[in-house]
K.L.:
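Supplied in structure tokens, the structure appears directly below.
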Amino acid sequence: MSETLSDPTASAGSAAASASASAVPVEPIPRLPHDRLPLLILPVIAGVSFLLIGDPTTWITLTLAGLAMGMMIFVIASGLTLVFGLMDVLNFGHGAFISVGAYLAMTALIPLAGWVQVDDLALNLAALGIAAGVAMAGTAALGYAFERVIVMPVYGQHLKQILVTMGGLIIAEQMIHVVWGGEQKSMALPAGLRGAILFGDVAVEKFRLVAVGVGLVVFLGMVLVLNRTRLGLLIRAGVENVEMVEALGYRVKRLFVMVFAAGSALAGLGGTLWAFYRETMTAALGSEVMVMVFIVIIIGGLGSVGGCFLGALLVALTANYVGFLAPKIALASNILLMAGILLWRPNGLYPVAKR
Amino acid sequence: MISLLSGDRPRSAVLSVILLAILVVLAAAPFAFPGAQALNTAAKICVFVILVASYDLLIGYAGIVSFAHTMFYGIGGYGVGLALYGWGATWVSVFGGLALALGLGIVLALAIGLFSLRVRAIFFAMITLAVASAFAILASQLSGFTGGEDGRSFRVPPELRPAFKLFEEPVLGLDITGKVLTYYILFATALALFLLALRVVNSPFGSVLKAIRENDFRTEALGYRTVVFRTKVNCLAAAMAVVAGGLNALWLRYTGPDTTLSFAIMLDILLMVVIGGMGTLYGAVIGATLFIVAQNYLQKLMAVGAAATEGIPLVPHLIHPDRWLLWLGILFVASVYFFPTGIVGRFRKAGPH
Amino acid sequence: MTADLVRLEGVHTHIGQYHILQGVDLVVPEGELTVLLGRNGAGKTTCLRTIMGLWQPSAGRLTWRGREIGGWATPDIARLGIAYVPESMGIFADLTVAENMVLAARAGRPDPRRLDWIFGFFPALRKFWDFPAGVLSGGQKQMLSIARAVIEPRDLILVDEPTKGIAPAIIEAMIGAFRELKRGGTTILLVEQNFRFAASLGDGVAVMDDGRIVHAGRMADLAADAALQTRLLGLSLDQHQ
Ligand SMILES: Nc1ncnc2c1ncn2[C@@H]1O[C@H](COP(=O)(O)OP(=O)(O)O)[C@@H](O)[C@H]1O
Ligand SMILES: [Mg+2]
């Protein structure tokens with residue numbers, strides 16, 4: 001027993017690490033792990049639903065809608081999963097940043113009403129960009145404060161983390177009521193982004209293209225930062241073993257608050273997109289999406305950005321296909337998808353190697 | 001007396017007095033406060049004592065956070081309610097509905113436990129949240145069966161109706177109506193289930209739970225299958241919540257999403273258990289009583305305050321009665337930081353025995 | 001007369017409610033290789049983690065060149081010029097060997113000359129430079145962990161049981177590396193169970209039991225005194241072979 005407890009950095013039941021401890025003298029050429037199997041689920045789901053739906057035009061429309069929705073959920077969820085992976089903090093208050101982001105964007109658009117209403121795509125996109133920028137800056141600052149005040153005293157204490165972040169969510173939602181009022185708000189799309197573009201028979205809503213574009217940019221940006229920069233290297237190392245990064249001389253606590261603020265900013269961006277997509281919002285906008293976000297990060301493997309991307313697409317596509325085929329069980333379908341994936345891989349599709 | 005409490009005494013004089021007072025007042029409520037409003041409050045306290053005590057088994061003793069407790073509460077409410085609605089107002093419907101609800105609740109608790117408790121406790125919080133919200137949506141979508149957003153009103157067995165009189169003559173000046181009878185069913189069940197919960201946490205099973213909460217890694221190393229213990233306590237807590245839901249349906253003669261499944265109730269339970277004191281069980285009694293009494297009282301006070309501060313910017317908005325959740329949220333976060341053992345923990349620290 | 005680099009005086013460490021270090025007195029003289037011996041569970045790892053700031057001492061003095069560092073954060077302790085090779089090796093499995101080394105070089109990139117010097121001892125690292133560290137064998141991971149600690153000149157290296165479960169050929173390479181480091185003036189505090197390995201490298205030695213230092217002296221004296229070895233370690237050098 002003293003063996004297993006002797007060093008908390010030692011693997012807590014990870015088979016891979018304990019196997020490596022008993023070294024073999026021969027040095028085999030190691031094989032690079034190629035875990036592409038989970039990627040196959042996506043085409044399988046798309047293919048099966050194509051057969052069930054039958055009509056190609058409907059299928060393409062549903063698929064594009066699913067992709068757009070998946071991208072927005074990815075933007076929201078990516079920060080949450082990264083924060084969990086790096087800091088071992090599960091932030092149940094993440095939904096607050098989604099709502100606050102949407103309300104900030106709405107407020108920023110008020111003086112830009114001219115740019116929103118004019119039928120000029122460049123001005124429309126500029127208004128959208130400014131609104132998103134305001135939302136991100138505001139939620140980043142809020143995230144910074146949230147980490148310092150709410151989360152920092154309870155690092156390492158999961159139970160308290162869940163409780164205080166939940167409490168933080170309640171407070172933030174109530175403050176939205178105080179500041180912006182309790183009634184439902186509407187969020188009109190800029191003129192040039194309303195309606196659809198026709199590709200042959202298929203009508204693609206313009207805003208969905210924007211959402212897919214933003215989602216792809218965020219995904220590629222994150223992949224680049226994580227894999228090509230020293231900051232990303234530190235984050236990836238921290239996700240695996242924070243203690244060792246500190247023992248190498250890096251002040252991880254500073255990294256924590258930066259990543260937390262960045263994750264909150266992404267939630268703010270996602271909230272803005274989500275509010276445009278729904279065209280209405282209340283303070284509960286964020287908590288409504290969070291159910292899907294949790295399912296996404298569990299499916300993807302807590303802490304994995306790639307898994308989160310795949311999970312978001314899977315969840316959104318499934319929701320859209322099932323919503324068409326059997327509307328009553330659309331939400332239950334995500335639970336079933338999650339159950340199926342957890343049966344196959346109890347830690348999600350791409351779990352991060354932890355300590 | 002002590003053996004009824006399984007040897008787990010309140011361990012504070014003040015606490016004992018408060019608990020005794022709550023017990024006496026609840027036991028005498030129909031005689032002491034004949035008004036419908038007061039009896040409703042007392043009945044609600046009885047139901048929430050069960051609900052919060054069972055939740056404390058999870059959060060306070062096993063150290064796991066579930067957001068699906070209201071789902072089980074709702075399963076009980078819908079089980080009894082829909083049975084009475086569909087099969088007629090008989091005792092067979094009551095017990096048949098409760099039995100079905102218990103079966104469904106335990107199977108669901110088992111399934112959720114097997115999926116999430118096997119991996120990490122943190123999964124449990126997220127998965128229960130997802131499942132509970134899917135369940136709530138499902139319940140409102142299947143409106144042909146559940147009555148949707150409107151819920152279902154139904155009749156209870158004749159013996160429980162207000163028109164029923166147990167005795168010809170009033171007892172101590174009170175007619176023992178079906179309503180009074182129903183109240184005592186609630187009261188007796190709440191008392192029995194609370195004592196059962198005390199028994200559970202003071203059994204060897206309870207000791208293992210506490211060991212898991214302190215250090216699950218070490219407990220596992222000592223040879224206990226922690227997932228088995230967690231799953232068992234999860235099923236037990238779910239079953240108790242189902243019963244609480246069934247009782248609530250009997251009392252209200254109505255079941256619907258707002259009275260059972262809503263996330264607001266889940267937050268109320270969390271607040272009650274944290275403010276009362278996690279891991280003490282007595283905290284459930286105190287938390288539930290205090291919260292429910294304050295809920296009626298505080299909102300009225302806030303309305304007065306909001307009216308009085310009219311004209312000052314922001315302040316009336318902050319103390320508007322609808323914003324009472326804001327203050328509870330702040331109180332909640334503060335108690336997690338500053339009084340993690342809640343009111344009960346405070347009293348126990350202040351004075352021994 | 002060499003100065004003391006690290007000094008522990010009556011250090012107590014608690015892990016949760018457990019009282020693990022119960023008044024440790026330990027001196028690590030500059031420029032020497034000090035070996036910390038003791039049976040499993042004696043508290044050796046806890047001792048290293050306390051020096052590294054990964055556990056906080058609850059009482060006693062912990063000094064670096066005479067300066068109190070008890071209560072400092074781990075990164076600040078590392079920046080004093082201390083490197084740590086933990087018992088679990090602490091390899092970042094999802095990062096490549098190269099990325100592990102880049103991260104360890106706080107200057108930004110590893111110095112190519114020093115890298116060549118490391119490859120001289122541990123050629124496998126050059127071979128698997130661009131592979132994820134997770135696919136390395138246990139011995140290769142241990143090499144990487146040591147290489148990370150020495151990729152830049154450090155004043156003190158804390159090494160926790162580097163030979164545990166490692167093939168003899170790799171242990172030979174390690175001995176070579178530690179000798180050269182010593183020659184270069186690096187101070188080393190080495191936790192070991194393998195007495196032969198420890199005896200071949202150590203200048204000073206300390207023996208722990210039940211959270212305390214029960215013997216401190218010169219390694220040469222201990223290696224020559226079979227009776228003392230039997231008393232302290234339960235086994236003599238001869239029996240070990
Ligand atoms: N994280 C921990 N929690 C509880 N006890 C621990 C922990 N780490 C170590 N211990 C205990 O501290 C004692 C000393 O452990 P350790 O320093 O690892 O010994 P050594 O390295 O000499 O084998 C052991 O009894 C061990 O069980
Ligand atoms: Mg050790």
K.L.:
Got more than 12 heavy atoms from elsewhere within 6.0 Å of CZ, C:Arg106?
P.N.:
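Counting other residues, nucleotides and ligands, CZ of C:Arg106 exceeds 12 neighbours.
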K.L.:
What part of C:Ala133 lies closer than 4.5 angstrom to a heavy atom of chain A: side chain, backbone, both or neither?
P.N.:
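No part of C:Ala133 comes within 4.5 Å of chain A.
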K.L.:
Compare every heavy atom of A:Ala247 with every heavy atom of C:Ala78, then report the nearest pair and how far apart it is.
P.N.:
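Residues C:Ala78 and A:Ala247, closest heavy atoms: CB-O, 3.3 Å.
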K.L.:
Look up atom CD in A:Glu246 and atom OH in C:Tyr84, then write down how far apart they are to the nearest 0.5 Å.
P.N.:
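The CD atom of A:Glu246 sits 12.5 Å away from the OH atom of C:Tyr84.
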K.L.:
Atom CD in C:Glu99, atom CG in A:Asn227: separation rounded to 0.5 Å?
P.N.:
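It comes to 7.0 Å.
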K.L.:
Check whether any side-chain heavy atom of A:Arg236 lies under 4.5 Å from a side-chain heavy atom of C:Leu95, and answer yes or no.
P.N.:
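Yes. Closest side-chain heavy atoms under 4.5 Å.
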K.L.:
Enter the distance from A:Arg251:CZ to C:Asp76:CG here, rounded to the nearest 0.5 Å.
P.N.:
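Output value for this atom pair is 4.5 Å.
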K.L.:
What residue in C:Ala73, C:Ala104, C:Gly108 has the most heavy-atom pairs under 4.5 Å with chain A?
P.N.:
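Ranked by heavy-atom pairs under 4.5 Å with chain A, first place is C:Gly108.
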K.L.:
So which heavy atom on A:Met244 is nearest to which on C:Pro86, and how close?
P.N.:
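Taking every non-hydrogen atom into account, SD-CG, 3.7 Å.
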K.L.:
Could you tell me which portion of C:Ile91 (side chain, backbone, both or neither) has an atom closer than 4.5 angstrom to a non-hydrogen atom of chain A?
P.N.:
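Contact with chain A is through the backbone of C:Ile91 alone.
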K.L.:
Can you find a heavy atom in the side chain of A:Val245 that is under 4.5 Å from one in the side chain of C:Phe92?
P.N.:
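They are in side-chain contact.
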K.L.:
So with a 6.0 Å cut-off around NZ of A:Lys253, is the heavy-atom count from everything else above 12?
P.N.:
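Check fails, neighbour count at 12 or below.
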K.L.:
Hey, what do you get for CG (A:Asn241) to CG (C:Asp94), rounding to the nearest 0.5 Å?
P.N.:
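It comes to 12.0 Å.
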K.L.:
When the side chains of residues 165-173 of chain C are checked against the rest of the protein, which donor-acceptor pairs come out under 3.5 Å, sequence neighbours left out?
P.N.:
none

K.L.:
Looking at C:Val102, C:Ile82, C:Asn100, which makes the most heavy-atom pairs under 4.5 Å with chain A?
P.N.:
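Heavy-atom pairs under 4.5 Å are most numerous for C:Val102.
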K.L.:
If I compare all heavy atoms of A:Tyr250 with all of C:Arg79, which pair ends up nearest, and what's the gap?
P.N.:
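That closest heavy-atom pairing would be CA-NH2, 4.4 Å.
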